[in-house]
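For reference, the structure is listed below as structure tokens.
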Amino acid sequence: MVDRILEFRGINREHLGMYFEELGGTLVTASFPFVYESENWRAEILSEDELSFTKTFIVNAVHIRFAAESLDELEQLIKNYRYKTTRVGG
């Protein structure tokens, strides 16, 4: 199994979990690490921290481990997940 850890900033942890469910995953645990599993992949929401850029500009940072049986499956999972987390300014 291959894995990769990525950090996502400024997105609510609950929304990040919902995106795994939308991709076909099922929540397996109820606390950190939050584990989502599917037939082809596994994801773990490892931690959530706050980053302070200034006294008033604070965002969350969530670390997620993505895992799949092959590198191709892992890259496809990350691509699909990044699509869900894309934010377009307006």
Side-chain angles (χ1 to χ4, degrees):
M1 189 167 261
V2 292
D3 69 357
R4 187 174 306 153
I5 296 176
L6 299 176
E7 179 182 81
F8 291 84
R9 294 182 180 177
I11 303 174
N12 184 295
R13 181 190 52 78
E14 288 82 14
H15 289 164
L16 292 171
M18 182 178 63
Y19 301 148
F20 285 119
E21 292 175 359
E22 290 175 1
L23 293 174
T26 302
L27 180 62
V28 178
T29 61
S31 62
F32 283 108
F34 292 95
V35 177
Y36 292 85
E37 290 184 343
S38 139
E39 289 183 26
N40 301 321
W41 54 264
R42 175 183 171 100
E44 301 172 20
I45 299 177
L46 302 171
S47 64
E48 180 176 29
D49 303 308
E50 285 188 346
L51 298 174
S52 299
F53 294 98
T54 66
K55 289 182 181 181
T56 57
F57 185 51
I58 301 169
V59 298
N60 72 322
V62 179
H63 295 88
I64 301 176
R65 175 181 292 126
F66 296 84
E69 290 297 322
S70 71
L71 185 56
D72 289 338
E73 289 174 326
L74 178 63
E75 289 176 353
Q76 187 63 48
L77 170 62
I78 292 173
K79 178 181 175 183
N80 292 342
Y81 196 78
R82 284 188 185 274
Y83 180 74
K84 297 255 182 218
T85 61
T86 299
R87 301 293 184 263
V88 179

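Using modelled atom types, no side-chain atom of Glu75 and backbone atom of Asp72 make a donor-acceptor pair closer than 3.5 Å. Without hydrogens or angle criteria, Ser52 side chain to Lys55 main chain gives no donor-acceptor distance under 3.5 Å.
Residues that satisfy the side-chain hydrogen bond (donor to acceptor under 3.5 Å, both in side chains) test with Asn12, not counting sequence neighbours, are Glu14. For His15, the side-chain hydrogen bond (donor to acceptor under 3.5 Å, both in side chains) test picks out no residue, with sequence neighbours left out.
Between the side chains of Asn80 and Gln76, a donor-acceptor pair is found at a separation under 3.5 Å. Between the side chains of Asn60 and Glu48, at least one donor-acceptor pair of N or O atoms lies under 3.5 Å.
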Q: Could you please spell out the steps behind the side-chain contact (heavy atoms from CB on, under 4.5 Å) verdict for Phe66 and Tyr81?
A: CA-CA 10 Å; Phe66 296 84; Tyr81 196 78; 3.5 Å; yes
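In the hydrophobic clustering of ILVMFWY residues, with side-chain heavy atoms under 4.5 Å counting as a link, Val35 and Leu74 come out apart. The cluster map of Ile, Leu, Val, Met, Phe, Trp and Tyr, joined by side-chain heavy atoms under 4.5 Å apart, puts Phe32 and Ile11 in the same cluster. Each of Leu16 and Leu51 belongs to its own hydrophobic cluster when Ile, Leu, Val, Met, Phe, Trp and Tyr are linked at side-chain heavy-atom distances under 4.5 angstrom. Hydrophobic clustering (ILVMFWY, side-chain heavy atoms < 4.5 Å, transitive): Leu46 and Trp41 are in distinct clusters. Hydrophobic cluster membership differs between Leu71 and Ile5, with clusters built from Ile, Leu, Val, Met, Phe, Trp and Tyr side chains linked at under 4.5 angstrom.
Of all non-hydrogen atoms in Leu77 and Ala67, the two that sit nearest each other are CD2-O, 4.3 Å. Contact detail for Ala61 and Arg9: the closest heavy-atom pair is CB-CG, 4.2 Å. Looking at every heavy atom in both residues, Thr54 comes nearest to Ile58 through O-CG1, 4.2 Å. The minimum heavy-atom distance between Thr29 and Phe34, with the atom names listed, is OG1-CA, 3.2 Å.
Other residues, nucleotides and ligands contribute over 12 non-hydrogen atoms within 6.0 Å of the CZ atom of Phe53.
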May I have the list of side-chain donor-acceptor pairs in residues 19-28 shorter than 3.5 Å, sequence neighbours left out?
| from | atom 1 | to | atom 2 | distance (Å) |
| --- | --- | --- | --- | --- |
| Tyr19 | OH | Arg87 | NH2 | 2.7 |
| Glu22 | OE1 | Lys84 | NZ | 3.0 |

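Taken to the nearest 0.5 Å, the OG atom of Ser47 stands 11.0 Å off from the CZ atom of Arg13.
Here the options are Ile78, Thr85, Ile64, the test is side chain to side chain contact (heavy atoms under 4.5 Å, CB included), and the partner is Leu6; only Ile78 passes.
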